[in-house]
Structures are given as structure tokens and as C-alpha cells.
Amino acid sequence: MTEERSSNFLEEIIEEDLSNNRNDGRVLTRFPPEPNGYLHIGHAKSICLNFGIAQKYNGKTNLRFDDTNPTTEETEYVNSIRADIHWLGFEWDKELYSSDYFDTLYGLAVALIKKGLAYVDDSSAEEIALAKGTPTEPGIPTPFRARSVEDNLLLFENMKAGKYPDGAKVLRAKIDLESPNMHLRDPLMYRIKHAHHHRTGDKWCIYPMYDFAHGQSDSIENITHSICTLEFVPHRPLYEWFIEKLDIFPSRQYEFARLNMNFTVMSKRKLLQLVNEKYVTGWDDPRMPTISGLRRRGYTPASIRNFCERIGVAKRENLIDLSLLEFCIREDLNKTALRRMAVMDPVKLVITNYPEGKAEIMQGENNPEAEDGGGSRDIPFGPELWIEREDFMEEAPKKFFRLGPGLMVRLKNAYIVKCDDFMKDDNGRITEIRCSYIPESKSGSDTSGIHVKGTIHWVSARHAKTAEIRLYDRLFRVENPSSEEGDFKEYINPDSLTVIKNAFIEPDLGNAQPGLGYQFIRKGYFSVDNDSTPEALVFNRTVTLKDAWAKEVKKS
RNA sequence: UGCCCGAUAGUAUAAUGGUAGUACGACGGUUUUUGGUGCCGUUUGUCUUGGUUCGAAUCCAGGUCGGGCAACCA
């Protein structure tokens, strides 16, 4: 297999490890979400990285739920995370939970106490924070730092036994209160929380902190490369300190820059606010950057994987253009989406010279990108059609290749028509366009010799079905809502959703399949929404087509 | 005024001491029964100042700018 793409820095590290036969050539990564929310496109980057690297080097990837904080975690999230990873196309080796290791972790903590490297501190959260000092001033010990090993052992056991209320005591590592790295100033290992855990129930009332759970879990699983985001860089010395003092398998931590995308937000906290405060309909609202939102919007797993491949991996802060994500989904859907016709803002077109009582069935190819056009479907034609209101102009500029008085266009898959007349209501709104058709110009057997610049889509009025169509735009009006003044929610785009209640769609679209992509010709890519029923069809616009004409109009 | 990470076209990302390339975007052309797609082309870049070297985006030193770190969150 030829690998044209150059390696990223993580792959280089692994290749170096492999060439040194570190870990006997074994590569084991893990994807470690906390089940406290839904996965988003930023997690997709991490998933593609962790699973992708393992695949590339014949390794494996564990799915590990980092569930050490019982108050935020729920089974609903566990299930959605599992589904999203599968949907993206990845298969994990083992499904594990940090909570599986609570007993082991407790034992490791006891071992540290016995070595005189951990102590129980009775200070309040405020007192501890105060005694830690600041980045420029060293911390000072609390009175409890000098406790004996025996006392610590007993106290920690009592903590586990539930003899103290929440917050009464914590277990801390005894490292260095004067370290320039704040994370080394006797970090907390355990806190008391009398809370129900989604897996361990009420068995525990003390729970390990991230720093005393994550690296240890990596080590227990013999993870070789523990890949996380940049904000954990300052934790790495602590990660390594625990491994060294505990003398356990030396997993190593590597960090990359998390994904940021413009016109959206990517923190779980903010996404949760959007959901809870009903700015969106749920975690899977098609405007959300969540995996479930993108899925409902009509994004394909391949397009997201491809996106993650294209954005690359590095250690510098980044803000990726939404246009790249859009490119990736268009690229994918262009190859596969069935072409269909739908009219969203209809105006009536009447063919005055079409023989009375005549009816025709036109043929439309399913996909011009596919071999032999991907087959074809029937499209009923008639003397009365719906066309897009924007495809007619009373006073058309010279580069407007559509309909206007005296102008000719091709009706896609049908005839060339010429506009002879039109009607307006009292408000000047066009109510009807009257055309004559060229009988010899039928698609596939055109002998008219007439060439027109424009082709427009249409739906036969007599045969049209109706559907609700939901048009989505970017969720925020500014590129980086998180960096703006004030609350990020002030920057929500008020026009992020437009609902068209009664669009006209060609009859074949009545059979539209959920999960398939459709291209509504000249309009964009669409998919069937979860809310859709055979009686009341609902489509989501995944993304528009590139629109050179819209740009042209915008310029002038 | 501590410690850590980073800085290459508009946005990302390569070049690992030897011709600064690729993708997206933008712009222009061409093809087209989708103003889509495809194809062709154009545009714009090594944060700064020194040093090492025949040669520096790359190595070294100082500076500047951006980000992170003082949760009983992860």
C-alpha cells in the first residue's frame, strides 16, 4: 500500500517507538470520554486519531468511559457515545470503565500512603486552595501534611467506610508544595461524595480524581500511547510521578491541539446550555456540532472521517473553516446522492400549447456521476408545473440564464420552453408564467437545434407531493462566539433555521429512505428527518450546493 | 511578575540543515440538460532580532505575540 500522506507528529513518535521495539512493537490506544454529554466533532477528531493510529500500526483501541464523577454521569450518555463511535465506523477492542478499577485504585492509594507519599487532609476546599499559593508564590503545608502513615491509613479507611460527610476530608499526594507546576502542589487524589454512581451504585462514597484515575487506568490496561488534548500538558509530570512511585506499567501521555471550528461552539458545557435552555431542540438538533446532530443533518460517517484526516494533527491552536467540513460532505454526497427535483418557493408555469389531455412520463437519471447515470426514475410531466419563484425575472439582466419575458430555458429532463406572458396580482407579485414548449426539444430526442444557456427544475402541479423542508444555517453569527464579549448565546444566529411547510416534491421522493442522501437539483443535499412519516414527509437540508450565481448577485 | 505549550498564504497542514509544497477558500477560464460536478490556471506565507553554517522554516540565544496552569471537573 502506498502511503502518500506524510505522518503527523504522533505517528512519528510511534514509528520511532516501533523501530526501538518499545513495548515489543505493541500499540494500544484508548478513547476515554466522560459520559456526561454527547460526542461532538472534536471528539470525532480524537476518535479518528486513536482508532486510526491503532489501525495503521496493527494495534488496538479500548473504549474507556472515564466515569469517576458520579454526579455528572449518566447511562444515557454511555449509550449515545457507543452508538456514535460505531456509526463513525470504528470497533473498539475492550469496553472498559474507570469505575471497573475502583478497587484497584483504592489499593494503589493505600500503597502510596504506606510509602509516606499520600496523606489525609481535613482542610476545607478554600483552605487547601489558599495554602497552595499562586503560580508566582509557593504553597505552604497544611497542619495535616505531617500525619503518620498509621493515622493516614486509618483515616482513609474511615473515609471509604463512610464515616465522614462530603468535603470533610480528602486524600492528597505528598509531592512538592513549592513546585512551579501547580499540579504538583500536593494534588487531590480522592474526595468524599455520597452519591449514586451509574455503575457502582452506592458501593463507594469516595471517588478518585482524574489525575489519580486516568494514568492508572492507562497503566492497568497496558495502554502504550495515551493521547489527549493540550490542556493536559501540565498534568503529564504528575501522570509520570504516580507511575514511577507506584512502579506500574509506564504508559506515556502525548498531547495534540483540540479541534475548534468557526461559527459554532465546541465545549460540552456550552452545548449543554444550548440544550437545557432550549436554543436548540436537543443534542441531536441538526444545527449542533455533535455527532448525532451531524448525523441527523445528513452528514455521512465517511465525510466526517475524511474531514478529520484533512484537518491534520498538530500542537498549535486552530480554528478550522466550516467550509472544509462542507466541502467534505459535498464531495461524498456528490458521488452517491440520488438526484431529485423539489420546488421550495413555487410559482405556477402553464404551457399553453401543450395538447389537451396529453400526459408524459419523463426519465431522469439518478446520478450523473455514477456509471450509466445510476439508472433512472419516472417523472410525470404536464401542462401545469411548479417552478422556483427565483427562476423568473420580469426584467432580467443579461447574464440571467433563466426565465423572463421572451426568454427560453430547458426544463430539466423535459422540454425547452419560451416565456410568452406572465400575470401579476395587485401587489406586483407574479402569479403565473405562461410559456409555449418546443415539441422537438424533448430530452434525449432533441431535434430542435435550439441551444439554451439555462436549465431549471420543476414539478408537475397535478402530480406533486408536498413535504416540509427545514433549512439550516450556521448556529452563530460570529466566527468565534467563545472569544466575543459577554455571553456566547448573544451571538446565536436568529436565522439558523427556516422551515418551509409546503414544498412541492416530485412523486418519487415519496419513497425517500431515511439515511440516504438526496440532491434536490440546483438546491442542495437533503435527507429524511427523524420526524418524517409517510403521511407528512420532512427533509433536512444537509448543505447547499455551491452557488456561483448567488455570488454574482451578491457582488452587484 | 512563575512554570508549560505554540507561532509557515485567509484557514489548516507538509518540508526533520539543501528548489517553501498540498488541501480548503478566494479569483479567472473551460466543460456541462444542475450557475452543481470535472478539468485548467492565478493569487497570497516561514512572528522578530541576532548567531552557527557553504547553505536555516528547520539548530542556538534574546525579544514579540497567542494559548494553558492556582476546580473536592475531566
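Please read all numbers here as calculations on a predicted model, not as lab measurements. Letters go in sequence order (proteins before strands), and every chain restarts at 1. When reading the values below, keep in mind they use all heavy atoms of this one structure, side chains included, and skip hydrogens, waters and symmetry mates.
- No contact: E255(A) has no heavy atom under 4.0 Å from any strand.
- Residue-level contact check: G444(A) touches the bases, meaning some heavy atom is under 4.0 Å from a base atom.
- Note on H214(A): nothing from the nucleic acid sits closer than 4.0 angstrom, heavy atoms only.
- When heavy atoms are screened at a 4.0 angstrom cut-off, I456(A) is found touching no nucleic acid atom at all.
- Residues A550(A) and D166(A) each lie close to RNA chain B; by heavy-atom proximity, the contact nearer the 5' end of the strand is made by A550(A).
- Residue Y210(A) is classed as a base contact, given a heavy-atom separation below 4.0 Å to a base.
- In RNA chain B, the stems built from three or more successive Watson-Crick or G-U pairs (distances below 3.5 Å) are B:2-7 with B:64-69, B:10-13 with B:21-24, B:26-30 with B:38-42, B:47-51 with B:59-63.
- Among the atoms of the strands shown, only primed sugar atoms or phosphate atoms (P, OP1, OP2) are found under 4.0 Å from some heavy atom of K193(A).
- Nucleic acid contact class of N413(A) (heavy atoms, under 4.0 Å, all strands): base.
- Between T68(A) and the phosphate of rA74(B), there is a side-chain N or O to OP1/OP2 separation shorter than 4.0 Å.
- Note on V452(A): nothing from the nucleic acid sits closer than 4.0 angstrom, heavy atoms only.
- The phosphate of rC73(B) (OP1 or OP2) has a side-chain N or O of R191(A) nearer than 4.0 angstrom.
- The aromatic ring centroids of F307(A) and Y299(A) lie 6.0 Å or more from each other.
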